[in-house]
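Next up is a structure, given as structure tokens.
All residue numbers refer to positions in the sequence shown, counting from 1.
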Amino acid sequence: MTSGAPRTLAEDLRARGDEALATLLRARPDLLSPVPNDLTQLATRAATRASVVRALERLDRFTLQTAEALAVMPDGGAYSVLRALMTGDAADKATDAALPHAVESLRAQGLVWGGEDRLRLVRTARDLLAPSASVPSPTGLGPSVAEATSGMSPARLQEILADAGLPATHDPMSAVAALADLFSDRKRMKKLLATAPDGATGALGKLAWGPPYGEVGDAIAPVRAATATTPVQWLLARGLLLPAGQHNVVLPREAALHLRAGRAHRTVEPAPPAVTPVEHSPQAVDGTAAGQAFNAVRTVEELLKAWETGGPPVMRAGGVSVRDLKRVATTLDVSETMAAFWLELAYAAGLLASDGELDEAYAPTPASDDWLRLPAQDRWTALAAAWLSATRVAGLVGSRDSKGRALSALGPELDRSLAPEVRRRVLELLAALPEGASAAPAELLDRLRWDRPLRGGSGTDALRAELLRWTVTEAELLGLTGRGALAGHARALVEPARTVPRRRTSANANANVNVNAATNAASTAATNAAITPAEAAAAAEAAASRLAPLLPEPLDHVLLQADLTAVAPGPLEAPLAEMIGVLADIESKGGATVYRFTPESVRRALDAGRTAADLHAFLAEHSRTSVPQPLSYLIDDVARRHGRLRVGAASAYLRCDDDALLSELLADRRASGLGLRRLAPTVLAAQSAPETLLERLRAMGFAPAAESADGDVVITRADAVRTPRRAAPTPVTDGPPVPDGTLLGAAVKAIRAGDRASTAVHRESVPAPAARGGLPRTAAAETLATMQAAVLTGDSLWIGYVNADGAASQRVIGPVRVEGGFVTAYDHTADEVRTFALHRITGVSELADDPA
């Protein structure tokens, strides 16, 4: 390691501790793909354009303003220069207090390096943020005097010096420096501008805050002060405006800073915008949200039930058709927009998927059966967690893509990587407010824009505004919020399990809450911290435990009525709800669900393997009222006719003990298309498939039962249609995930070890020209002798090694044993004991300073 100030970013990183490196890798996880070999490679990767752009997009507005100021100040300038650019001539306590934290944030993310006396912005970041002729600076500043006069002749520079009242110099560099010093001197600039003609200061004022380029009518020609007749010519003569083309002028950066009183930005925002809380009763918020959470669970259950015998077909381009979406909306009794949301939610949770067959269609997945068996609170946490991490955006359904095609529910092109970030950040902002407090969406949007200003570039700001609107609506539908405020049971999902729960703030505390920079840093750290599966499970368990007492208790009974209906006065237990859903059809929903018994519904229960006696016993057990006589007659009547006809595969056949019934069927004109013929007094053969035969016979008023090849009744259940095992869709993110602590620790250790191997000082064992710049080269006999000596002395060695794949690397090892053509040694690079083949070692050299 070099002494004194670091000369490169790699040297700066080498001087940092392990915790600082872990912080860098946590803030910029793309640097770990793959793990760098050493700190030089890490620094190189951290300075690439793609990585720097991604890091800049994660900066808040004030930290970004700090980076923009660093981009326009001289490279390697002192902290005092940066402070002057941020505060100007007037003192700003808020900026003074926040600026050190902003600089440290940039330093922690590898965008700034060097001490306070020589702050250096990474070159790529400077190129992105500094002003140029094609891309103006976000500060509105133009090029410096040196940059604006780079193509100007030395004679013209001397003319400008003379007209500005400066003495002549011997070379262009000193002339440019003298002019820059004049523009940077407040007193001399004030004196110079005091002599300007009317209109000159106004022209400068139009360019002062940007853009710094202006257009003039006539072609620009060199002009002297004595012949200047217009305000613009007066400014051109003295260099206050410089030519930037045949008809364009530019205001030099130093002159603009004087006009701005030294400030790089018109408005500096050291603190985030205020989020004003609107107080509600926490109990009312939790109750409202719990009701919505219960409704969300029931809606998804109803959706799964509607598709349990098979959902709609998958369109050729993917997704469900508009007609099928309308059917779902009618079934759920919601708008088509809301129907798309529930479809996407079930899909994100892995409860719905396509079956992958030739005629592809949607159906519930096997995971939906596991989900339906969970308690209501656990079903809700699964839905909420899926929504938080999903990148699919239901609000886009019905809009058009870049080619003018309509986007469909469950179809492609619905992923937006910004969605999870907006959802979680909105809920975090609500969590920072007093319990039970909501906030205006406009204020939340202003805060999102302050948190990530560059994430709104290139048209993304409109999407972010839409995502926030959809987030507020969907969070309320899902029961994460109630009356716009974050519910108590949702906090465990939003806040990491390892953070300390926030205490309730009294209603009369700060009427206008401004979430300060410290709170923002804490929330950002929570967002960036990787959540392990164990922590996610603990958060879900905590949320479920808080929600459970707020949900209605499931009932184990219904109320049977004489008009062949049953009333469920509340949510039913899962087994009861499943059975009653097979035995009867839902007639109306609401606080109480009304079921209606029909011949078709009773036959459906009999097809599922129930007998008439089973149905009578079930109703008697689960009804608080006596079983009405009409319902008993209905069950007995359907059961008496059920299964008298049996259908099998011939193509198909019918078997019945009553030959008169078969004769009646043969004579029925409605059966003419089935191709029936008698094989025996009790058996008919058919030319139709068994499924078609069953359907036609039921349409004719019969009640046939399917039969297996062994003659047994085939029991078909309503939930028989399931897709093969399907994983939930993977969110489409815009970068690698944040690594957890274990991975960070291992990565830092590996980078340190690799850097130690690449920078280790070693003695030359061969002539310098042969060894310099590559792997050490020694003869096999010398390699063996050096290894054996190192085993005796315990010294560490620097070796070159070529693995079985032909990849060459440098390593620092501590040999332990040499035998059988192999060396057993402690590999400092990998931090483990490894075995090396002697014939693959290209050479060996002793270390000047033993690292062991």
Side-chain angles (χ1 to χ4, degrees), residues 296-334 336 338-374 379 382-383 386-387 390 392 394 397 407-415 574-575 577-583 585-586 600-601 603-605 607-609 689-692 694-695 698 706 714-731:
V297 171
R298 294 190 65 180
T299 302
V300 174
E301 289 176 0
E302 188 174 354
L303 174 60
L304 295 175
K305 182 178 179 181
W307 286 12
E308 64 187 355
T309 56
V314 180
M315 293 194 301
R316 181 177 300 179
V320 298
S321 66
V322 175
R323 180 180 299 177
D324 290 325
L325 181 61
K326 289 181 179 179
R327 290 196 184 104
V328 173
T330 302
T331 301
L332 302 182
D333 194 20
V334 297
E336 293 176 32
M338 290 299 98
F341 167 69
W342 295 117
L343 281 174
E344 288 292 339
L345 179 63
Y347 179 66
L351 307 179
L352 289 177
S354 62
D355 56 15
E357 300 294 335
L358 183 61
D359 295 326
E360 200 170 11
Y362 290 103
T365 64
S368 65
D369 296 321
D370 300 330
W371 181 80
L372 288 169
R373 286 190 286 268
L374 294 173
R379 277 177 275 167
L383 295 177
W387 176 77
R392 294 182 62 84
V397 173
L407 300 179
S408 59
L410 302 184
E413 307 299 332
L414 290 183
D415 285 286
E578 181 179 0
M579 185 57 200
I580 199 70
V582 175
L583 182 56
D585 298 321
I586 296 178
E600 291 77 15
S601 68
R603 186 176 64 236
R604 186 170 62 229
D607 287 342
E691 296 80 7
T692 303
L694 280 168
E695 183 180 351
R698 285 170 178 166
V714 177
I715 297 175
T716 58
R717 295 185 56 85
D719 58 355
V721 177
R722 289 291 182 268
T723 69
R725 286 284 174 183
R726 292 281 191 267
T730 304

Exercise for the section: Measure from the side-chain N and O atoms of Arg392 to the backbone N and O of Gly411, and report whether any donor-acceptor pair falls under 3.5 Å. Expected result: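 Yes; at least one donor-acceptor contact below 3.5 Å.
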Problem - For the student: nearest non-hydrogen atoms of Ala348 and Ala728, plus distance - result: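 In this case the closest contact between Ala348 and Ala728 is O-CB, 3.4 Å.
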Practice task
Taking the side chain as every heavy atom from C-beta outward, state whether Leu325 and Leu343 have any atom pair closer than 4.5 Å.
Solution key: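 Side-chain contact under 4.5 Å: yes.
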Problem - Nearest atoms (heavy-atom pairs only) where Leu583 meets Ala605 - result: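 Where Leu583 meets Ala605 most closely, the heavy atoms are CD1-CB, 3.8 Å.
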Problem - Minimum heavy-atom distance between Val320 and Pro312, given as atom pair plus value - result: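 Looks like CG1-CG, 4.0 Å.
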Practice task
For Ser408 and Gly319, work out which heavy atoms get closest and say how close.
Solution key: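 In terms of heavy atoms, the two residues are closest at OG-CA, 3.8 Å.
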Practice task
Report yes or no: does Ser321 contribute a side-chain atom to a donor-acceptor pair with the main-chain N or O of Met315 at less than 3.5 Å?
Solution key: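 Side chain of Ser321 to backbone of Met315, a donor-acceptor pair under 3.5 Å: no, none is there.
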Exercise for the section: Please name the pair of heavy atoms, one in Ala339 and one in Val328, separated by the smallest distance, quoted to 0.1 Å. Expected result: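 The pair with the smallest heavy-atom distance is CB-CG1, 4.0 Å.
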Practice task
Would you mind checking if Arg604 and Asp607 are paired as a salt bridge, meaning a charged N to carboxylate O distance below 4.0 Å?
Solution key: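 No, Asp607 and Arg604 are not salt-bridged.
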Problem - Heavy-atom check, side chain of Leu303 versus side chain of Leu351, under 4.5 Å - result: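 The answer is no; the side chains never approach within 4.5 Å.
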Practice task
Could you tell me whether the side chain of Leu383 reaches within less than 4.5 Å of the side chain of Trp342, counting heavy atoms only?
Solution key: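 In short, these two side chains do not touch, never coming nearer than 4.5 Å.
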Problem - Whether Thr365 side chain and Ala353 backbone form a donor-acceptor pair below 3.5 Å - result: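 Here the side-chain-to-backbone pair does not exist.
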Handout entry: Residue Glu600 excluded, over 12 heavy atoms near CD under 6.0 Å
Key =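 Above 12, so yes.
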Exercise for the section: Kindly compute the distance separating CH2 (Trp307) from CG (Leu352), expressed to the nearest 0.5 Å. Expected result: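 Reported value, rounded in 0.5 Å steps: 5.5 Å.
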Exercise for the section: Report yes if the side chains of Glu302 and Thr299 come closer than 4.5 Å at any heavy-atom pair, otherwise no. Expected result: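 No, every pair of side-chain atoms sits at 4.5 Å or beyond.
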Problem - Within-4.5 Å side-chain heavy-atom neighbours: Leu304 and Trp371 - result: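 Answer yes - side chains close enough.
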Exercise for the section: Any chance you could measure Leu332, atom CG, to Met338, atom CE, to the nearest 0.5 Å? Expected result: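 These two atoms lie 11.5 Å from each other.
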Handout entry: Closest non-hydrogen atom pair, Pro412 against Leu407
Key =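 Heavy-atom minimum between the residues: O-CD2, 4.2 Å.
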Handout entry: Ile586 CD1 to Ser601 OG distance, which is reported to the nearest 0.5 Å
Key =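 That separation rounds to 12.0 Å.
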Problem - Glu360 side chain vs Pro313 backbone, donor-acceptor pair below 3.5 Å - result: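 No; zero donor-acceptor contacts below 3.5 Å.
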